[in-house]
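Please read all numbers here as calculations on a predicted model, not as lab measurements. The sequence lines fix the lettering, A, B, ..., with proteins before strands; numbering per chain opens at 1.
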Number of protein chains: 4
Amino acid sequence: MSGNIYDTMKNNILKGKKGIIFGALDSSSIAWKTAENVYNEGGEFVLTNAPVSIRMGSINELAEKTNSDLVAADATNLDDLENLINIATEKFGKLDFILHSIGMSVNVRKGRHYTDLNYDWLTKGWDVSAVSFHKLMQSLFKLDAMNEWGSIVALTYIAAQRTFPNYNDMADNKAYLESIARSFGYIFGKEKKVRVNTISQSPTLTTAGKGVKGLDDFLNYAELTSPLGNATADDCANLTVSLFSDYSKRVTLQNIYNDGGFSNVGVSQEIIDKLNSK
Amino acid sequence: MSGNIYDTMKNNILKGKKGIIFGALDSSSIAWKTAENVYNEGGEFVLTNAPVSIRMGSINELAEKTNSDLVAADATNLDDLENLINIATEKFGKLDFILHSIGMSVNVRKGRHYTDLNYDWLTKGWDVSAVSFHKLMQSLFKLDAMNEWGSIVALTYIAAQRTFPNYNDMADNKAYLESIARSFGYIFGKEKKVRVNTISQSPTLTTAGKGVKGLDDFLNYAELTSPLGNATADDCANLTVSLFSDYSKRVTLQNIYNDGGFSNVGVSQEIIDKLNSK
Amino acid sequence: MSGNIYDTMKNNILKGKKGIIFGALDSSSIAWKTAENVYNEGGEFVLTNAPVSIRMGSINELAEKTNSDLVAADATNLDDLENLINIATEKFGKLDFILHSIGMSVNVRKGRHYTDLNYDWLTKGWDVSAVSFHKLMQSLFKLDAMNEWGSIVALTYIAAQRTFPNYNDMADNKAYLESIARSFGYIFGKEKKVRVNTISQSPTLTTAGKGVKGLDDFLNYAELTSPLGNATADDCANLTVSLFSDYSKRVTLQNIYNDGGFSNVGVSQEIIDKLNSK
Amino acid sequence: MSGNIYDTMKNNILKGKKGIIFGALDSSSIAWKTAENVYNEGGEFVLTNAPVSIRMGSINELAEKTNSDLVAADATNLDDLENLINIATEKFGKLDFILHSIGMSVNVRKGRHYTDLNYDWLTKGWDVSAVSFHKLMQSLFKLDAMNEWGSIVALTYIAAQRTFPNYNDMADNKAYLESIARSFGYIFGKEKKVRVNTISQSPTLTTAGKGVKGLDDFLNYAELTSPLGNATADDCANLTVSLFSDYSKRVTLQNIYNDGGFSNVGVSQEIIDKLNSK
């Protein structure tokens with residue numbers, strides 16, 4: 001995995017572009033891969049994560065590799081966001097790209113079933129996973145921190161459209177997040193020519209993902225359903241790079257599935273065959 | 001309007017069915033019309049609303065007309081919900097139908113723009129408009145209060161899918177509400193054979209709706225776009241009755257547009273012509 | 001099965017309504033059940049099917065049971081359609097409801113794989129399964145044969161949205177059919193106040209369905225995925241009745257899933273568990 | 001316009017990739033811009049169009065500029081397709097990308113209203129606009145002409161999802177085309193690791209588009225609705241390049257809106273304001 005930084009494409013398609021990348025924990029993180037690929041493509045950025053995630057992970061190593069500053073910020077805290085954006089814009093001037101790769105459900109972590117939710121925990125997870133995206137964009141908007149034709153991307157999951165076992169209140173958080181992308185994206189587009197999209201990614205075995213009950217089984221199901229197989233963290237990083245680039249200048253308010261085709265498959269013959277193979 | 005109770009269909013399609021109807025404020029409310037039509041169709045119910053809404057509106061009159069009990073309940077308060085459900089089930093036994101017609105945004109009321117939201121108000125509106133639906137279903141589920149083949153309906157709006165001016169954080173609340181319908185609907189269906197759907201209704205000139213900035217202009221736009229014109233509160237009441245009835249027993253997890261066709265129109269010739277008629 | 005006619009709901013919700021029902025072959029047909037239920041609800045209709053289907057099936061029995069006339073018509077033949085409509089309107093005056101339940105793929109019948117289609121057969125199946133719906137509506141429109149607030153329903157399948165094994169070119173036919181519903185529905189709504197919708201039905205073990213390779217396996221998969229189980233032909237008949245009724249007057253251009261929730265489920269725990277139990 | 005070839009991005013992201021580009025008529029064509037941009041990015045291709053389109057347009061000029069061979073082919077003719085693919089693969093070996101940018105409705109050209117269609121013309125337009133995409137993929141598949149991780153893109157329009165005035169039977173053709181992308185895309189992905197997507201492009205003032213009644217008015221409506229304005233032919237060419245590149249390797253079966261945000265806007269304030277200013 002650590003070799004990835006040398007293997008990716010290097011076409012300089014982000015040359016001159018500056019931004020902020022949220023949510024890299026360790027080398028299995030989608031945000032980590034994205035940072036590597038953005039760096040390889042000539043982009044520069046500030047890395048950020050919550051203080052606790054910085055302590056638990058190895059983001060310092062990534063900052064070193066990519067010659068990036070690391071700024072701790074709680075994405076639910078408006079002061080932290082303002083401080084982060086100010087640091088980034090003082091260094092770079094206005095920004096060209098933002099990656100929001102943040103999500104967490106206390107109810108999932110604590111094993112509460114969807115029919116027995118704790119509502120304080122629900123509120124906390126919603127704030128971290130979804131409202132943080134609004135807070136981030138509101139802060140960027142108020143500080144006039146984005147360049148025209150800038151690109152903001154948040155990561156989401158198809159549980160926002162269809163129900164999956166164990167995804168719990170994260171499904172509702174992702175639906176809210178995607179709605180924010182449309183609601184704020186309209187205004188950010190109209191007033192600042194900034195595009196806002198979400199990528200709906202295959203289930204991915206990140207350190208965060210490893211905590212989700214039954215993820216292995218589900219990864220296997222998705223792999224057998226998707227004609228091209230599950231999209232990897234690297235695939236997601238590459239697609240994110242293309243959404244940050246000028247190749248997608250007028251794509252906005254969209255939720256783009258990076259899932260090997262999963263979203264448009266009813267059921268695969270492999271799944272049917274396996275069910276029948278008793 | 002008050003004559004409506006005599007004009008609706010009376011086919012007894014809800015004979016023997018019992019339920020709870022949330023959100024009738026006055027005779028312009030969709031929930032009010034629904035209560036009238038359910039009554040005409042042979043259904044029985046408890047009416048409920050928040051204490052402040054009971055004081056501001058005329059729901060007592062509706063309770064009288066429909067021989068219904070009225071129980072005050074704050075739909076964000078778990079104790080209130082439990083008390084309400086207990087009263088209803090003591091009277092009726094298990095329940096067959098529920099209407100959730102509740103929505104409110106403090107940011108909209110106080111005129112805060114979507115790029116300048118107050119996050120305490122955001123949380124309040126989200127709790128009232130969306131989380132209340134989860135709290136309601138969690139309470140019904142824990143109390144085992146629903147009959148098999150019961151039907152739960154919540155009202156929503158197409159702003160959950162596409163962005164509209166001035167709908168503000170209500171768009172995100174409705175997206176969250178619709179996601180709850182799918183997430184909880186799966187479990188309620190699987191374990192209790194209860195269906196859960198949302199109706200995405202045309203913009204409607206209720207007392208609540210009257211407060212939304214620019215609603216008249218938008219109603220006019222929607223009327224000119226929808227081939228059958230905007231669905232009225234009466235239309236919504238009728239569709240809700242059919243979703244409570246046994247005619248739709250296996251329709252679940254769906255968001256059904258009751259909008260005169262608006263949702264599947266790109267633009268109408270009338271709109272194009274009006275724009276050109278300068 | 002034959003007892004069905006006595007078991008359904010009889011609320012007279014179609015009293016006074018007249019129409020045409022296409023596609024009843026035998027008592028397992030959705031159109032057959034629909035005819036029975038419409039009859040029970042007070043509706044009157046002409047039954048029709050292609051001459052070959054009339055010979056192969058037992059529709060005469062249904063005509064007798066429901067006091068209906070039977071008129072042979074090839075739904076791809078404009079003269080046949082005109083003749084049929086004229087017979088119906090001479091008997092009834094203008095019409096209130098139409099059921100289009102017609103579909104057939106020569107490539108499926110002859111076992112041609114989707115990567116090896118015969119294009120003459122493709123054209124034939126498209127004409128029968130999809131264009132026939134346009135021809136029918138164009139004929140009704142030209143003959144001004146529909147009453148205001150009339151209702152036209154065609155049956156479809158979720159393969160129009162997502163790909164399923166073995167459904168072959170029928171998937172594309174259904175996508176075309178659903179598009180016709182929107183395209184013609186707009187005009188029929190605007191000019192004649194007629195609504196046009198499709199019902200996307202669970203896989204159903206009709207005589208036609210029995211010919212589809214692997215249908216049993218797929219029925220089983222869908223049953224395990226749908227929280228309320230697969231919708232039956234009777235469920236579809238009931239939902240169709242409600243779409244013919246005045247309870248859904250402003251629902252138009254919609255595709256309504258009658259599928260026990262299947263369409264909004266990503267995967268069920270049952271499927272995951274069965275896959276793991278090997 | 002002719003200067004475009006020098007203005008586009010040149011990052012070599014298609015270096016070493018070979019393909020076929022259908023549908024360039026003149027310098028206003030999306031396929032023309034795409035050919036220019038693919039060339040600038042290091043890709044090589046065979047150009048093709050129908051004989052009549054070659055005579056009417058100026059594709060020879062494009063072939064010269066991009067050092068490409070031009071092969072006449074009727075995309076509805078299986079022999080022509082086979083000949084074309086054979087010429088391309090003899091020159092290049094297996095192919096990496098295909099652009100299908102073909103559409104035509106005889107009913108639109110001849111001014112037939114959607115309620116008065118000529119069905120022979122309907123069939124002709126369907127064959128050219130939609131079935132040609134199946135014929136093309138079936139030919140590529142049978143000849144095993146695509147490299148692993150190759151990319152096939154067809155252009156479509158949002159009328160496949162929502163109804164627009166004057167788009168007529170092209171709406172239904174586009175719905176069929178998009179369904180083919182899913183149906184064939186599944187198999188092409190599973191068996192050959194080839195991805196298949198459609199781009200749903202803003203209305204674009206190409207030579208073909210100029211023939212559509214009311215296109216100017218509609219372009220203006222779309223421009224006022226889309227927060228980033230209508231996507232241009234150049235924008236579409238750039239997005240197509242990114243879908244041909246390795247940045248989107250696991251995006252498949254998708255319909256991607258390149259429309260400045262149009263598809264997820266209910267209505268814009270500008271439209272409401274203009275309607276009110278009369």
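For chain D, the nearby part of Ser226(A) is the backbone; its heavy atoms alone come within less than 4.5 Å. Contacts of Thr225(D) with chain A are made by backbone atoms alone, with heavy-atom separations under 4.5 Å and no side-chain atom involved. In this structure, no portion of Ser200(A) lies under 4.5 Å from any heavy atom of chain D. Contact of Asn255(D) with chain A is not made at all, since no heavy-atom distance falls under 4.5 Å. For Val251(A), the parts lying near chain D are the backbone and the side chain together; criterion is any non-hydrogen pair under 4.5 Å.
Within the model, atoms CG of Asn264(A) and CZ of Arg182(D) stand 6.0 Å from one another, a figure rounded to the nearest 0.5 Å.
For the pair Trp149(A) and Leu228(D), the minimum side-chain heavy-atom distance is below 4.5 Å. In this structure the side chain of Val265(D) reaches within 4.5 angstrom of the side chain of Leu253(A), judged on heavy atoms.
Most heavy-atom pairs under 4.5 Å with chain A, from the set Ser202(D), Ala237(D), Gly261(D): that is Gly261(D). Each of Ser245(A), Ser242(A), Ser263(A), Gly260(A) has some count of heavy-atom pairs under 4.5 Å with chain D, and the biggest count is that of Gly260(A). In terms of heavy-atom pairs under 4.5 Å with chain A, the best-connected choice from Asp246(D), Thr232(D), Ile187(D), Val241(D) is Asp246(D). The candidate from Gln254(D), Lys15(D), Glu270(D) with the greatest count of non-hydrogen atom pairs under 4.5 Å with chain A is Gln254(D).
Residues of residues 188-199 of chain A having a heavy atom under 4.5 Å from any heavy atom of chain D, listed by number: Gly189(A), Lys190(A), Lys193(A), Val194(A), Arg195(A).
In summary, of the residues considered (Leu243(D), Thr240(D), Asn11(D)), a side chain to side chain contact (heavy atoms under 4.5 Å, CB included) with Tyr247(A) occurs for Asn11(D) alone.
The two residues Ser268(A) and Tyr186(D) make their nearest non-hydrogen contact at CB-OH, 3.1 Å.
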